2 protein chains.
Amino acid sequence: MSESRARSPQQSDSRMGDVAERAGVSHGTVSNFFNRPHLLSAATREKVAAAVDELAFVPNDAARTLAKGTGNTVGAVLVDIGNSFFVDIARGIESAAAEAGLKLLLANSDVDLRRQNDYLDLFDETRVRGVILAPLDGEQLGAARVRSHGRPVVFVNWPGEDEQSCGVIVDEQHGGYLAASHLINLGRTKLLYAGGPLHLHAVADRLAGVERAVAEHEGVTLEIIETHSLTTKVGRILGEQLADRHADDRPDAVICAADSLAVGCIEHLTSAGVRVPDDIAFTGYDNNHYAAESAVPVTTIAQPGREMGVIAAGLLAEEVDNPATHEHRTVVLKPQLVVRRSSAQ
Amino acid sequence: MSESRARSPQQSDSRMGDVAERAGVSHGTVSNFFNRPHLLSAATREKVAAAVDELAFVPNDAARTLAKGTGNTVGAVLVDIGNSFFVDIARGIESAAAEAGLKLLLANSDVDLRRQNDYLDLFDETRVRGVILAPLDGEQLGAARVRSHGRPVVFVNWPGEDEQSCGVIVDEQHGGYLAASHLINLGRTKLLYAGGPLHLHAVADRLAGVERAVAEHEGVTLEIIETHSLTTKVGRILGEQLADRHADDRPDAVICAADSLAVGCIEHLTSAGVRVPDDIAFTGYDNNHYAAESAVPVTTIAQPGREMGVIAAGLLAEEVDNPATHEHRTVVLKPQLVVRRSSAQ
DNA sequence: GGTGAGAATTGTAACGATTCACTGAACAAC
DNA sequence: GTTGTTCAGTGAATCGTTACAATTCTCACC
């Protein structure tokens, strides 16, 4: 190693000192150039800018973080990056964080509590300014808060308000209500709600909304089938069950707790000669891409995933910028009905 | 500011000094405890461990990065986090990076060159030790290397070898060859390859593989239909075209460049009374979850996404740990044929 | 009990930024 | 001319680690 700059083995970055020297100013002035440019005269500003440019200077984030005591990175842990809902949330967080000048450390817990906690520890080590967490369903949140070591946390898609943190959730009940009301207004009276397992808060809340809509209307009945999961395959099995029933015994409208379920079910029914939506109308949930693209496009409830991410990042940015005056709050978003052929008139 | 600990406004982390004091050792010993534990006597090691524990001490990553000159974070930029192939890659990278003790900064360029470059700049600022990049198809790579500022880069899913970096790719040609050979061995002779646009390297390479297989067999013909995208919807349109043809004029086997295409096409054909696989056998590509779950489960070519991620992270770790002796290389993985009903005997 | 070798531990100097009390210069007011 | 005020720019101290040279401890051996 006979290089003149043996500091770091591979790349040689320039430091503020180099920039200062080149621009003929001091150390601190370069720092001011980046952090409080209004303190510099126009002339100095230009000199520094030129030097920064010529050296392709990039401030060292570690040094800055150390000196400031805190960086401007935020962390996000999402339960399942394979689920397009969370991918949308991630996209939202990403863009809002970028807008607020925050860097994003994105992690995926893959529905594994240990991994979720590992990531929270990692964020602690990195001294992130805050954390956005889409936790496992049904989990206690105390641990998450402890692990984040007093840093601000925003919960996404965690049911229930919370005194010590902000949150963003969707009104799942309202989604169920929208779906059921839509079908009832179409004149359907024999409703079936399919989804499960019911201990998932989303599945249960959607059902509650459906029940509310049903209760508001005379002469509408509701049947409930709990499934053990929400896959297309399970949907197809559900389709078989319905096809096997006597026509009079079938519902005239089915509310599925997920699009995948609806798609599978519809597929089997149409192949068995049951007409959708004529004989049975369908609604799904989530507005996944294949809901729009399947053979019979599925009416669905769209979750505002991207918006949730944007809002979560916004709440976090607000808390981070203004810890003293910040007041915790939970934002509840309304899902939207998207009508397609599976429930056309 | 009358707090005893006015350092950071919110959380109060302990420093190595605090741990040292509590354990009755020096500063540097605590550092050794973390970085070169074999230098400590068993007794000291225990004392320090206890103190670390009691104070819930977490080393400050920024300070460490600054002192070491480089951190142990690597960055990954993926073109499209909405695509399950890249999600698999991300998962692989994630787990292998964790294994190697590297932290992962995950970013999603969303098929946008500007965003990709922004993230590379961000990584530069953070002084990541290396970068894993799944770049936009057809892009020049020079820029990426410049932006990463001399740091090691591993390219994933970028066609073509490269002298200055490692890479991981799948043998797309082989995938096409597998699919076509499989169908030919089943006795099919009138093949159709559908996919597009052909300037995507994956689509073109797969076709080349198909052509090779066809050339190896007497009496097998190949028709090619270029589509403008690979969605289910386009698949359905393709299905219409085939259904409209006279039966004698149809292929007896279709190789689709993507599962989505196959699923849409099969869906329309079966509803139009064409039997799959009896009249026409199908293969898809990618092994997406809905290929397995659709009404007629689709034979497909599985891409080893997770493995690609693992290998990419491994190559990067190797280069990072051993920049002097490291030799760049490109690993080519073979995709695998997954036989399902759409091409059953 | 003195010596030397090796092991264990310590203390100090970086690392590259931020911060803030301070100096100088320019200029206005008396 | 002196004093005051404002604006620009300076530079030393600091953040919490790591690295390494220097020091102290331990113990076997003569």
Side-chain angles (χ1 to χ4, degrees), chain A residues 1 5-9 11-49 51-52 55 57-73 124-127 129 149, chain B residues 1 5-9 11-48 51-52 55 57-73 124-127 129:
Chain A
M1 285 281 164
R5 279 267 212 124
R7 220 175 325 114
S8 96
Q11 64 272 6
S12 63
D13 303 86
S14 43
R15 293 146 307 165
M16 272 204 168
D18 302 341
V19 176
E21 197 179 333
R22 178 152 199 139
V25 297
S26 89
H27 209 86
T29 299
V30 179
S31 173
N32 283 336
F33 172 78
F34 285 107
N35 301 295
R36 290 178 291 284
H38 57 277
L39 291 183
L40 302 191
S41 70
T44 315
R45 203 155 34 213
E46 265 176 41
K47 273 190 303 183
V48 177
V52 165
L55 296 175
F57 171 72
V58 181
N60 182 318
D61 192 53
R64 163 189 285 157
T65 300
L66 179 57
K68 286 231 263 219
T70 173
N72 52 181
T73 302
D124 191 18
E125 224 174 297
T126 313
R127 301 293 191 274
R129 292 192 71 177
H149 229 272
Chain B
M1 288 280 165
R5 278 269 210 122
R7 224 173 326 115
S8 98
Q11 63 271 5
S12 64
D13 303 86
S14 44
R15 296 147 304 167
M16 274 203 171
D18 302 341
V19 176
E21 197 178 335
R22 179 149 197 144
V25 298
S26 90
H27 209 89
T29 300
V30 179
S31 173
N32 284 336
F33 173 77
F34 285 108
N35 301 296
R36 290 177 291 284
H38 57 279
L39 290 183
L40 302 193
S41 70
T44 315
R45 203 154 37 210
E46 264 178 41
K47 277 190 301 184
V48 177
V52 165
L55 295 174
F57 171 71
V58 180
N60 182 317
D61 191 54
R64 162 187 286 160
T65 301
L66 179 55
K68 286 229 264 217
T70 172
N72 52 182
T73 303
D124 192 19
E125 222 175 300
T126 313
R127 302 291 193 272
R129 291 193 71 179

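The chains referred to below are lettered A, B, ... by the order of the sequence lines, with proteins before strands, and numbering in each begins at 1. Treat the numbers as computed from the prediction; the structure is a model and nothing was measured. Side chains included, hydrogens not; waters and symmetry mates left out as well; all remaining heavy atoms used.
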Please give, in whole Å, the distance from C:dA17 P to A:Arg127 CZ? 21 Å
What N/O pairs connect the protein and nucleotides 8-10 of chain D at under 3.5 Å? Give each pair on its own line.
from   : atom 1 : to      : atom 2 : distance (Å)
D:dG9  : OP1    : A:Ser41 : OG     : 3.1
D:dG9  : OP1    : A:Thr44 : OG1    : 2.0
D:dG9  : OP2    : A:Ser41 : N      : 3.0
D:dG9  : OP2    : A:Thr44 : OG1    : 3.2
D:dT10 : OP2    : A:Ser26 : N      : 2.7
D:dT10 : OP2    : A:Ser26 : OG     : 3.2
D:dT10 : OP2    : A:Thr29 : OG1    : 2.6

Is B:Ser31 close enough to D:dT18 that one of its side-chain N or O atoms is under 4.0 Å from OP1 or OP2 there? yes
Comparing nearest nucleotides in DNA chain C, the 5'-proximal residue of the pair B:Ala42, B:Leu66 is B:Ala42
Rounded interatomic separation in angstrom, taking CE from B:Met16 and P from C:dG11: 16 Å
Please state how far atom CG in A:Asn60 lies from atom P in C:dA14, giving the value in whole angstrom units. 18 Å
Between A:Arg36 and C:dT19, is there a side-chain N or O to OP1/OP2 distance below 4.0 Å? yes
Determine whether A:Arg15 and A:Asp18 make a side-chain contact, defined as any pair of heavy atoms from C-beta on separated by less than 4.5 Å. yes
Heavy-atom closest pair, residues B:Val58 and A:Arg127: O-NH2, 2.9 Å
Phosphate oxygens OP1/OP2 of C:dT18: is one of them under 4.0 Å from a side-chain N or O of A:Asn35? yes
Between the opening five pairs and the closing five pairs of the helix from C:dG1-D:dC30 to C:dC30-D:dG1, how far apart are the helix axes, to 10°? 60°
Rounded interatomic separation in angstrom, taking CZ from B:Arg64 and C1' from C:dA14: 17 Å
Under the rule for side chain to side chain donor-acceptor pair (under 3.5 Å), what residues qualify as partners of B:Thr44, not counting sequence neighbours? B:Ser41
Over all strands shown, is B:Phe57 touching base, sugar-phosphate only, or nothing at heavy-atom distances under 4.0 angstrom? sugar-phosphate
Quick one: A:Lys68 NZ to D:dG16 C1', roughly how many Å, whole number? 17 Å
Not counting sequence neighbours, which residues clear side chain to side chain donor-acceptor pair (under 3.5 Å) with A:Ser31? List them please. A:Asn35
Using side chain to side chain donor-acceptor pair (under 3.5 Å) as the criterion, list what pairs up with A:Asn32, not counting sequence neighbours. A:Arg36
Nearest-Å distance for atom pair CG/P, residues A:Leu55 and C:dG16: 14 Å
According to salt bridge (charged side-chain N to carboxylate O under 4.0 Å, His left out), who are the partners of B:Glu21, at least two apart in sequence or on a separate chain? none
Nearest-angstrom distance from the residue atom CZ of B:Phe33 to P of C:dT9: 13 Å
Using every non-hydrogen atom in the two residues, find where A:Met16 and A:His27 come nearest and quote the distance to one decimal. SD-O, 4.4 Å
Heavy-atom distance under 4.5 Å between the side chains of B:Leu40 and B:Pro37, does that happen here? no
Less than 6.0 Å separating the ring centroids of A:Phe57 and A:Phe34? yes
